[in-house]
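Below, chain A is the first sequence line, B the second, and so on; all start at residue 1.
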2 protein chains.
Amino acid sequence: MSFVKYSIQVLRSKGYKVTRPRKEVLEAVESATAPVSPYDISRMVQQQGKHLDHVTIYRVLDLLCSLNLVHKVLSRGGFVKCGLLDEPGCHRFLVCRECGVLQEFTDEALCYQESQIARRMGFYPEHHLTESSGLCQRCR
Amino acid sequence: MSFVKYSIQVLRSKGYKVTRPRKEVLEAVESATAPVSPYDISRMVQQQGKHLDHVTIYRVLDLLCSLNLVHKVLSRGGFVKCGLLDEPGCHRFLVCRECGVLQEFTDEALCYQESQIARRMGFYPEHHLTESSGLCQRCR
DNA sequence: TAGCAAATGCAATACTATTGCATTACCGCA
DNA sequence: TGCGGTAATGCAATAGTATTGCATTTGCTA
Ligand SMILES: [Mn+2]
Ligand SMILES: [Mn+2]
Ligand SMILES: [Zn+2]
Ligand SMILES: [Zn+2]
């Protein structure tokens with residue numbers, strides 16, 4: 001099932017309304033390979049002759065993040081759709097420092113090892129949504 | 001040797017001038033346990049009856065980052081002194097989601113494992129400056 | 001299809017970051 | 001120790017990002 005359709009299902013199942021702005025934002029994020037900022041989305045929507053207030057975009061993104069349908073990519077100040085909707089657990093990113101394309105993955109062993117280190121250092125580890133930087137094949 | 005003194009040495013050895021603003025910023029970062037933003041630093045300096053333009057603070061922080069004397073903590077939008085000045089290689093953070101205190105560490109095995117995964121996914125891995133979130137002892 | 005609560009749009013505002021240029025001050029050298 | 005050249009700073013203007021309160025609209029349920 002497509003990202004948009006799946007997300008709409010989740011919205012409904014949790015009692016959130018399926019509105020035009022929410023669908024627009026989902027479609028914008030769906031269509032992007034690299035992270036998009038709230039204002040990126042604003043422009044994307046405009047280029048289709050439509051309009052969304054940026055405040056609305058911020059609020060929609062907040063909601064989608066809280067549902068783990070999209071993730072914020074800190075190193076880029078943008079948002080991407082979750083690439084592992086069906087897989088629970090900790091999600092990680094490889095981000096190309098040059099062009100921003102990224103790949104999401106999850107790794108049991110890595111997660112475990114990190115948790116161990118955290119505990120050893122007196123921290124109570126929580127979900128990991130980490131980013132590693134590198135260069136994608138195109139940008140090398 | 002203290003963080004400030006060490007940093008001043010590095011500045012000199014690379015041909016950068018040791019100026020009042022640079023020393024002020026170093027002292028502000030030195031004194032902080034959690035990440036501080038450029039404007040945080042501005043306020044800290046003011047409370048000592050002094051003044052630094054925020055543009056200068058941004059520029060100083062850029063420089064210190066490029067020399068790996070301080071790191072930017074993305075999840076907090078702030079800067080901290082490097083806690084492993086003598087140890088080369090990839091530096092990582094455990095950040096308390098609640099209060100922001102953090103601990104820097106480095107882990108050979110983790111680094112290796114991550115690089116492997118990156119290569120397997122078609123990325124050329126670079127330095128890792130990752131952040132994991134959790135709860136510190138005080139905040140549990 | 002009417003009514004209600006949730007969501008949006010708007011306006012105002014706060015916060016964060018960057019640029020160009022005139023002025024200052026650090027540091028090497030006399 | 002004082003001078004000169006250049007790197008660094010301060011200032012002003014501007015751009016970009018994010019948040020709040022409130023009036024209005026709209027999706028959904030009954
Ligand atoms: Mn994910
Ligand atoms: Mn470090
Ligand atoms: Zn790339
Ligand atoms: Zn804490």
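Other residues, nucleotides and ligands contribute only 12 or fewer heavy atoms inside 6.0 Å of the OH atom of B/Tyr124. B/Gln137 CD: 12 or fewer foreign heavy atoms inside a 6.0 Å radius.
A/Lys50 contributes no side-chain N or O that, together with a main-chain N or O of A/Val45, makes up a donor-acceptor pair within less than 3.5 Å.
For the residue pair B/Leu102 and A/Phe123, the shortest heavy atom distance occurs at CA-CZ, 4.4 Å.
Put simply, CG on B/Asp62 is 13 Å from P on D/dA8, counting in whole angstrom units. In this structure, CZ of B/Arg43 is placed 14 Å from P of C/dA14, rounded to the nearest angstrom. If you measure from atom CD1 of B/Ile57 to atom C1' of D/dT9, you get 12 Å, rounded to the nearest angstrom. Rounded to a whole Å, the CG atom of B/Asp40 is 12 Å from the P atom of C/dC15. One atom, CZ of A/Arg59, and another, C1' of D/dC22, lie 10 Å apart when rounded to the nearest Å. One can place CG of B/Leu52 at 9 Å from P of D/dT9, the figure rounded to the nearest angstrom. Rounded to whole Å, atom C1' of C/dA7 lies 10 Å from atom CG of A/Leu63. Between the CD1 atom of B/Ile41 and the C1' atom of C/dA17 there is a distance of 14 Å, given to the nearest Å.
Considering only side-chain atoms of B/Pro38, the nucleotide from C/dG20, C/dG9, C/dA17 that sits closest is C/dA17. Distances were taken from every side-chain heavy atom of B/Asp53 (C-beta onward) to each of C/dT19, D/dT20, D/dG10; the shortest belongs to D/dG10.
Note: B/Tyr39 and B/His54 have parallel aromatic rings, judged against thresholds of 30 and 60 degrees for the angle between ring planes.
Interatomic distance, CG of B/Leu110 versus SG of B/Cys90, reported as 7.5 Å (0.5 Å rounding).
The pair A/Arg59-A/Asp62 does not count as a salt bridge, with every side-chain nitrogen at least 4.0 angstrom from each carboxylate oxygen.
Checking A/Glu114, A/Glu131, A/Glu108, A/Glu87 one by one against A/Arg92, the salt bridge (charged side-chain N to carboxylate O under 4.0 Å, His left out) holds for a single residue, A/Glu114.
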Please produce a list of atom pairs where a protein N or O lies less than 3.5 Å from an N or O of nucleotides 28-30 of chain C.
none

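A heavy atom closer than 4.0 Å to some atom of DNA chain C occurs in B/Arg12, B/Lys17, B/Val18, B/Thr19, these being the qualifying members of residues 6-23 of chain B.
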**OP:** Determine, step by step, whether A/Met44 and A/Ser31 satisfy the side-chain contact (heavy atoms from CB on, under 4.5 Å) criterion, reporting the C-alpha distance in whole Å, the side-chain angles of both residues, the deciding distance to 0.1 Å, and the verdict.
**Re:** CA-CA 10 Å; A/Met44 292 165 80; A/Ser31 72; 3.4 Å; yes
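For the pair A/His54 and B/Tyr39, nearest-nucleotide mapping onto DNA chain C gives the more 5' position to A/His54.
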